[in-house]
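Below is one structure, written out as structure tokens; comments come after it.
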Number of protein chains: 2
Amino acid sequence: MSLKHILLGILQQPHSGYDVKKTFDHVFSNFWAAHLSQIYPQLKRLTDQGLLTVQDAESSKGPNKKVYQTTAKGQRELVDWLAHGPVTNTEKLAYLAQTFFLGALESHADRIQFMEQLLLHMQHWHQTLCAIQDQVKAEYPNYPHGLPDEEFYPNLTLMLGVKKVGAKVAWVQESLALLQERQ
Amino acid sequence: MSLKHILLGILQQPHSGYDVKKTFDHVFSNFWAAHLSQIYPQLKRLTDQGLLTVQDAESSKGPNKKVYQTTAKGQRELVDWLAHGPVTNTEKLAYLAQTFFLGALESHADRIQFMEQLLLHMQHWHQTLCAIQDQVKAEYPNYPHGLPDEEFYPNLTLMLGVKKVGAKVAWVQESLALLQERQ
DNA sequence: CAGCCCATGTAACGCGTTACATGATTAG
DNA sequence: CTAATCATGTAACGCGTTACATGGGCTG
């Protein structure tokens, strides 16, 4: 039941469903993904439950928008979620499951190739996150202490992203070296 | 569609549904969780599709078991999954979403408490993984080079687990220090 | 005028979670 | 005898993915 709470969090500021999707892609892609086909029905359900308000609005480009915003009741739900303590053990890493069974591939070259693909992916991801962090650093010279609240907590997730993906890059490189030794 | 492939991977060796669940809890808990109520129907479906075989067997303790094993067709499906390249961007970290919105908690003490709970969780998880790794190291003096294939690939997932959770512990500690500075 | 971005949805199907339901054996 | 472990499932409901469906406006 986290999509609900993430929407309540994002919609503390007013946004359309389409904008919410962009927020997922740009800001949350590090740890959560959602499709438009999930977001639209969920927004309607939360509005029916009195956790969001809707308002029609004109768009600068394209058709009219529906702008949603979290209500006081929705805000209470969000705070309850946070106050209930960290929700853990949500992780599902398909590529690690694949790594576990990598021995099922007949050829050594195929296993190496798998890891090389993984390396490219992780390096790309790491560079993306580092670039975003560099931007934030450039904007706030006293980083991370000088960040205002509305940037500080989001930035914590960025800091974990960089560390975590860095660890993954190092791991793939180490794994590749071990694999190549094995022949 | 990964549960299917993980089952095909586990059932390269014969196991009952109940045993498969224990494998998830002990070996996969690092990166994948599954409930018995998912596993049982899925095993039936995969058997109907000719990807698994079933056989009745007696149990040493308790009622009779149904022992499943991957067929040649199932093995081909597993290999296809691996050959298709790493499946990435599956991650959903609810506690990071919570961290993102931590500013919604009114009191500073509540935010500190959230991070302290997260620290305890991550430290516990890290110790568990390190203990397992120490066991493997003790068993194979030439670790990790001397591992046989059936241990080598699973051990790669353990190595990432240790690195990744280590990065998370360091991050929570750093975040706590930053939070305490902010007052 | 073709292709992309803006904008909102529905439908089908499979995965994930919690609760319910049953019953045997074993360790304390 | 009580609690834990062994063993297998069903039901209800919500989440996640892919495909389908529509149509306006902007850029090259």
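Just so it is clear: chains get the letters A, B, ... in the order the sequence lines come, proteins before strands, and each one is counted from 1. Just the heavy atoms: all of them, side chains too, but no hydrogens, waters or symmetry mates, feed the values below.
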Round to a whole Å and report the spacing from CG of A:D19 to P of C:dG9.
13 Å
Side-chain N or O of A:H35 closer than 4.0 Å to phosphate OP1/OP2 of D:dT17:
yes
Who pairs with A:K66 by salt bridge (Lys or Arg N to Asp or Glu O under 4.0 Å), at least two apart in sequence or on another chain?
none
If we fit an axis to the first five pairs and another to the last five of the helix from C:dC1-D:dG28 to C:dG28-D:dC1, what angle do they make, to the nearest 10°?
40°
Rounded distance (Å) that lies between atom P of D:dG14 and atom CG of A:D48:
13 Å
The side chain of A:L36 lies closest to which of these nucleotides: D:dT10, D:dT8, C:dT8?
C:dT8
Tell me, please, which residues at least two apart from A:S16 pass side chain to side chain donor-acceptor pair (under 3.5 Å).
A:D19
Which whole-number value in Å describes the distance from B:I39 CD1 to D:dA7 C1'?
13 Å
Identify, residue by residue, the members of residues 21-32 of chain B with a heavy atom below 4.0 Å from DNA chain D, and return them in order of residue number, or none.
B:K22
Tell me which pairs pass ring-ring contact (aromatic ring centres under 6.0 Å, His included) where either residue lies in residues 154-183 of chain A, with sequence neighbours left out.
none
Contact class for B:K92 (heavy atom, under 4.0 Å): base, sugar-phosphate, or nothing?
sugar-phosphate
Donor-acceptor pairs are to be reported for all side-chain atoms of residues 132-160 of chain A against protein atoms at under 3.5 Å, with residues two or more places apart or in another chain.
unit_1, atom_1, unit_2, atom_2, d
A:Q133, NE2, A:Y143, OH, 3.0
A:Y140, OH, A:E151, OE2, 3.3
A:Y143, OH, A:N155, OD1, 3.0
A:Y143, OH, A:N155, ND2, 3.1
A:H145, ND1, B:E181, OE1, 2.6
A:D149, OD1, B:R182, NH1, 2.7
A:Y153, OH, B:R111, NE, 2.8
A:T157, OG1, A:P154, O, 2.5

Mind checking if B:K66 touches a base, just sugar-phosphate, or nothing, with heavy atoms under 4.0 Å?
sugar-phosphate
In residues 34-57 of chain B, what donor-acceptor pairs under 3.5 Å come from side-chain atoms, sequence neighbours left out?
unit_1, atom_1, unit_2, atom_2, d
B:Q38, OE1, B:H35, N, 3.1
B:T47, OG1, B:L43, O, 2.6
B:T53, OG1, B:Q69, O, 3.3

Give, for atom CD of A:Q123 and atom CG of A:L120, the distance between the pair rounded to the nearest 0.5 Å.
6.0 Å
In residues 6-17 of chain A, which residues come under 4.0 Å of DNA chain C by heavy atom?
A:S16, A:G17
Where the side chain of B:Q42 is concerned, which of D:dA7, C:dT10, C:dC15 is the nearest nucleotide?
C:dC15
How long is the line joining CG of A:L3 and C1' of C:dT17, in whole Å?
15 Å
Short N/O separations, protein against nucleotides 19-22 of chain C, under 3.5 angstrom:
none

Counting C-beta onward and ignoring hydrogens, is there a side-chain heavy-atom pair between B:I10 and B:Y68 closer than 4.5 Å?
no
Separation of atom CG in B:L46 from atom P in C:dG14, rounded to whole Å:
12 Å
B:Q12: partners by side chain to side chain donor-acceptor pair (under 3.5 Å), with sequence neighbours left out:
B:Q75
Would you indicate, yes or no, if C:dG14 has its OP1 or OP2 atom less than 4.0 angstrom from a side-chain nitrogen or oxygen of B:R45?
no
Are more than 12 heavy atoms from other residues, nucleotides or ligands located less than 6.0 Å from atom CD of A:Q13?
no
Please state how far atom CG in A:N64 lies from atom P in D:dG23, giving the value in whole angstrom units.
16 Å
Any salt bridge between B:K21 and B:D25, counting N to O under 4.0 Å?
yes
Whole-Å gap separating C1' (C:dG14) and NE2 (B:H5):
13 Å
For A:Y18, give me all partners under side chain to side chain donor-acceptor pair (under 3.5 Å), at least two apart in sequence or on another chain.
none
Can you find a side chain N or O atom of A:Y18 that sits less than 4.0 Å from OP1 or OP2 on C:dT8?
no
Using atom types as modelled, flag every donor-acceptor pair under 3.5 Å from a side chain in residues 88-108 of chain A to any protein atom, sequence neighbours excluded.
unit_1, atom_1, unit_2, atom_2, d
A:E91, OE1, B:K168, NZ, 3.1
A:E91, OE2, B:K164, NZ, 3.3
A:E91, OE2, B:K168, NZ, 3.4
A:K92, NZ, B:A33, O, 3.0
A:Y95, OH, A:K168, NZ, 3.3
A:Q98, OE1, B:V87, N, 2.8
A:Q98, NE2, B:W81, O, 3.3
A:Q98, NE2, B:G85, O, 3.2
A:T99, OG1, A:Y95, O, 2.8
A:S107, OG, A:A109, N, 3.3
A:S107, OG, A:D110, N, 3.1
A:H108, ND1, A:Q183, O, 3.1
A:H108, NE2, A:L179, O, 3.1
A:H108, NE2, A:Q183, O, 3.2

Closest-nucleotide 5' rank along DNA chain D - winner of A:A33 and B:V67
B:V67
